[in-house]
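Read the structure below first, then the notes.
Naming convention: chains lettered A, B, ... in sequence-line order (proteins, then strands); numbering from 1 in each chain. These numbers come from a predicted model, not from an experiment.
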Protein chains: 2
Amino acid sequence: MLTRSSTELVRQQNSALVLAALRRQGALSHTELSARTGLASATVSAITAELERGGVLERQEQASAGGRGRPRVLFRQKRDYGHILTVRISSDAVQYSLADYAGMLIDRFEEPRQHADPSTAHFIDALRAGLAKTLQRSRLDRARVLEVSISSKGIVDPASATLVWSPVFGLDEIDFAGVLGEWRSVTLSNETLLVAHALGLRAEPASGLTRRLAALSLGHSVGLGIANLHATGEIEVSAPNFGHMLHAADGKVCRCGAQGCIEASAGFYGILRTAFEVPPDTIPAKFVPLAEMEKIAQRARQGHRMSEYAFRQAGLALGQGLSRVLSLYGSMPVTITGPGTRFLDLLSRGLEEGLRQSQQVRLNGMPEISMVPEEATLVFEGHVDRALTRIDRLLASERPLAEGETA
Amino acid sequence: MLTRSSTELVRQQNSALVLAALRRQGALSHTELSARTGLASATVSAITAELERGGVLERQEQASAGGRGRPRVLFRQKRDYGHILTVRISSDAVQYSLADYAGMLIDRFEEPRQHADPSTAHFIDALRAGLAKTLQRSRLDRARVLEVSISSKGIVDPASATLVWSPVFGLDEIDFAGVLGEWRSVTLSNETLLVAHALGLRAEPASGLTRRLAALSLGHSVGLGIANLHATGEIEVSAPNFGHMLHAADGKVCRCGAQGCIEASAGFYGILRTAFEVPPDTIPAKFVPLAEMEKIAQRARQGHRMSEYAFRQAGLALGQGLSRVLSLYGSMPVTITGPGTRFLDLLSRGLEEGLRQSQQVRLNGMPEISMVPEEATLVFEGHVDRALTRIDRLLASERPLAEGETA
DNA sequence: GGAATTTTTCTCGACAGTCGAGAAAATAGA
DNA sequence: TCTATTTTCTCGACTGTCGAGAAAAATTCC
């Protein structure tokens, strides 16, 4: 807000506005653009003409709209303006996806993580190879990739694209921007932050004032993302370090090295430890197969006391943690995602118990809790929308004056 | 960001920029304004001329600067452009202050709360009377008061100026905007939020990227404010409901009605309850005189076990709570204010113990903790700066075209 | 088939704002 | 009194948005 403003800046702003409208609503005609953005028709003309010259937008002659009068021509993002490449790092695999400037998925494949050599150096080599493979598979030139968008669980410094702490690499920092210096732009996001963003995108239509929502990802680890939906249509997200927030000084060792983290009770390895009555100070398993969890759940559902108890304790840790988050950020609906959603029936009792304890919930009532198991889709949607929105904004600011800059 | 922009908006923005510079830096000359805002000299001329016409700014002919050349003339906020009135509601008294448009304190007095009739209806009458008295004492017309800025501890809805929950009135909501409809503008802020804002103001000079700081207010109740210091000079604050965040399911009854709130352990009444070994499910005292607390502290310092324990438990609740806040918001320095600072020697052991437990602190180290006992001053500074900044912004947007609109 | 109607897109001149450069003002020193 | 210096003010150029009306391109009516 408190920064110098000028007429050029006005144009930037309004160009970004037009691009954002097309991004959210799909192809729009001149008049629709004018209506949605609130800009005068003449201004829309000026902006679209410029973006068209720059190869960013293209016209799509509409076959026949039916009504009479001059037919509308729709503007839309030109698909081949550029591409983005998303990389989703998870504990067992790395997923590479390629999408075009319109957000269309073009190619996707997955590479299993090499558990034989878990060093970061080796991982970086594999990452480089994976990116090269993506280009090769689609016969794409690296210069055409506008951004490489990477996601991981853990603590992330988005400014420097550095992974500060992650369940996979621990304290081995990875500076992705540095390591992938040959790529035009590299960004790193917390995975659950992307989930929250995607949920915000899906929820958006019902707009009013600025609203909030939370995404809670349950799996081997526990992640939280919070999205602020502004009245302007912007989505602002953050990823508080929820999984390793202190739950209780109960001595349960977490794989981060601390004790009493929420994850130490509610992560898969925490549940397993309690169910099998392993001492709480035992260093947790690196990875728990989902099948193993299903077995414990099966037994819990059949009435096995300790398994049931493990899930209830996990729910309690999540519920108390959430109640604290709601105290600090205010009430908001919570959507639970990830493989842990399969066990929600076993978690919910503890979850509700934990939530009910705080003043916040007593005042504003229980938060609305819903479930979207398909986490991977949400992560991809978040990747794509955030990367393309960033590109749109950049594009609006560095006026593409030159002709045919694109190809 | 995503809203229509126009050349008029540019002017608004830049006018606000000029006003903000004068607000922060004091009187500035034409050239200094140009340098600090980054605006061209011609633009500064246009803006100052308009604001001068509107009676917002005035020139101060500088006596003699010493150097040669044409002497500078300083612009500054015209003190009599208007006034603001701040009201600080605390559990035992209400403080009224009057300040002018330059932020200068003009008058201040305090009215004790009537404990005989603690009803909200009676309080509102007293508030009205207090405001009237302020006008009368300074022989001021109500129309000259640009804003009434009220603060209280508790949960506040700033949009509607409604006190949702407070230690003083409980769930009796007070809609200040409605109740004080005859005043031009009425705002309500959480008290510790204002403290955080004021600390942000004081800290600002050392700027870089966007930074954060927290204010922790210790007294009969416990409050937290978080300030985001943006690189642009803006200060964005929030007041998470820290005092009533769940500390532990230990059954300690809080005066909010819930159990296990931080305040139930770390508020004065919580400390007193533990020190005197009163059962934790006892409804807490409405008010604990500071002298009483000093006595407990005295005994604790002399080695009385239970008193010492009470303070340590209070510190632990604060430390664990802070460690949770730092997990969620990231590391930041913490400044402790309020009467509770007197007992920091007794609290610090538990405080550090609680902080040390989380992954966040293990990763980023202990937060820097400092102390500013003079809370009342900070609250006033926060009131004034926030109110005047709001007025400046409003002023920049509703172009004062009319001549001599002020008086 | 051609004119009228309708709807959309494009274009032109007016207006608001910022900017750079240089003129004008006001002082100190020679 | 004249000159150098510093600051403030003013003018014309430039960029951008806006409203109104012209131009374009279809359907419908006769």
Side-chain angles (χ1 to χ4, degrees), chain A residues 3-18 22 27-53 57-76 396-401, chain B residues 3-18 21 27-53 57-76 396-401:
Chain A
T3 178
R4 186 169 127 248
S5 191
S6 63
T7 47
E8 285 99 307
L9 237 149
V10 168
R11 167 54 70 91
Q12 276 184 35
Q13 192 101 342
N14 287 337
S15 294
L17 189 61
V18 165
L22 291 172
L28 292 176
S29 72
H30 182 105
T31 25
E32 285 168 326
L33 270 176
S34 170
R36 304 226 186 218
T37 58
L39 295 168
S41 162
T43 310
V44 173
S45 280
I47 290 173
T48 51
E50 190 181 49
L51 290 173
E52 233 180 321
R53 257 201 319 280
L57 295 185
E58 64 182 358
R59 291 155 184 267
Q60 170 187 33
E61 304 290 337
Q62 206 173 22
S64 71
R68 67 173 164 175
R70 179 172 174 171
R72 306 180 159 191
V73 301
L74 302 182
F75 289 98
R76 61 174 176 192
S397 64
E398 37 163 61
R399 338 216 46 203
L401 268 182
Chain B
T3 178
R4 189 173 124 242
S5 191
S6 62
T7 46
E8 285 98 314
L9 237 149
V10 168
R11 169 54 71 90
Q12 276 184 35
Q13 193 101 340
N14 287 338
S15 296
L17 189 62
V18 165
L28 292 175
S29 72
H30 182 105
T31 22
E32 285 167 326
L33 270 176
S34 171
R36 304 225 185 218
T37 59
L39 294 168
S41 161
T43 310
V44 172
S45 280
I47 290 173
T48 52
E50 190 180 48
L51 291 173
E52 232 179 324
R53 259 201 318 280
L57 295 185
E58 65 183 358
R59 286 154 188 270
Q60 171 187 29
E61 304 289 339
Q62 207 172 21
S64 70
R68 69 171 163 176
R70 180 172 174 171
R72 305 182 160 190
V73 301
L74 301 183
F75 289 99
R76 62 173 176 193
S397 65
E398 37 164 60
R399 337 216 46 203
L401 269 181

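In terms of position on DNA chain C, the residue among B/Gly69 and A/Glu32 whose nearest nucleotide sits closer to the 5' end is A/Glu32.
Comparing C/dT18, D/dC9, C/dT5 by their closest approach to the side chain of B/His30 singles out D/dC9. Which of D/dT8, D/dT17, C/dC19 sits closest to the side chain of B/Thr31 comes down to D/dT8. Minimum atom distance to the side chain of A/Val10 is reached by D/dG16, of the listed D/dG16, C/dA28, D/dT8. Distance from the side chain of A/Thr7 is smallest to C/dG17 among D/dC18, C/dT9, C/dG17.
Counting to the nearest Å, the P atom of D/dT10 and the CD1 atom of B/Ile47 are 16 Å from each other. Put simply, CD on A/Glu50 is 14 Å from C1' on D/dT17, counting in whole angstrom units. One interatomic measurement links the two molecules: CG of A/Leu39 to C1' of D/dC18, which rounds to 10 Å at whole-angstrom precision. A straight line from CD of B/Glu8 to P of C/dC15 spans 13 Å, rounded to a whole angstrom.
A distance of 5.0 Å separates CD of A/Glu50 from CZ of A/Arg11, quoted to the nearest 0.5 Å.
Distances shown here put every side-chain N or O of A/Ser45 at or beyond 4.0 Å from the OP1 or OP2 atom of C/dT11. Phosphate contact (OP1/OP2 of D/dA24, side-chain N/O of A/Arg70, threshold under 4.0 Å): absent. Note on A/Arg11: every side-chain N or O is 4.0 Å or more away from OP1 and OP2 of C/dT18. Contact check, B/Arg72 against D/dT7: a side-chain N or O comes under 4.0 Å of OP1 or OP2. An OP1 or OP2 oxygen of C/dG17 is reached within less than 4.0 angstrom by no side-chain nitrogen or oxygen of B/Asn14. For A/Thr43, a side-chain nitrogen or oxygen approaches OP1 or OP2 of D/dC18 to under 4.0 Å.
Residues A/His30 and A/Thr48 bring no donor and acceptor atom of their side chains to less than 3.5 Å of each other.
Between the side chain of A/Ser29 and the backbone N or O of A/Leu74 there is no donor-acceptor pair closer than 3.5 Å.
Between A/Phe75 and A/Leu28, every side-chain heavy-atom pair lies at or beyond the 4.5 Å cut-off.
Put simply, the side chain of A/Ser41 and the base of C/dC10 share a donor and an acceptor less than 3.5 Å apart.
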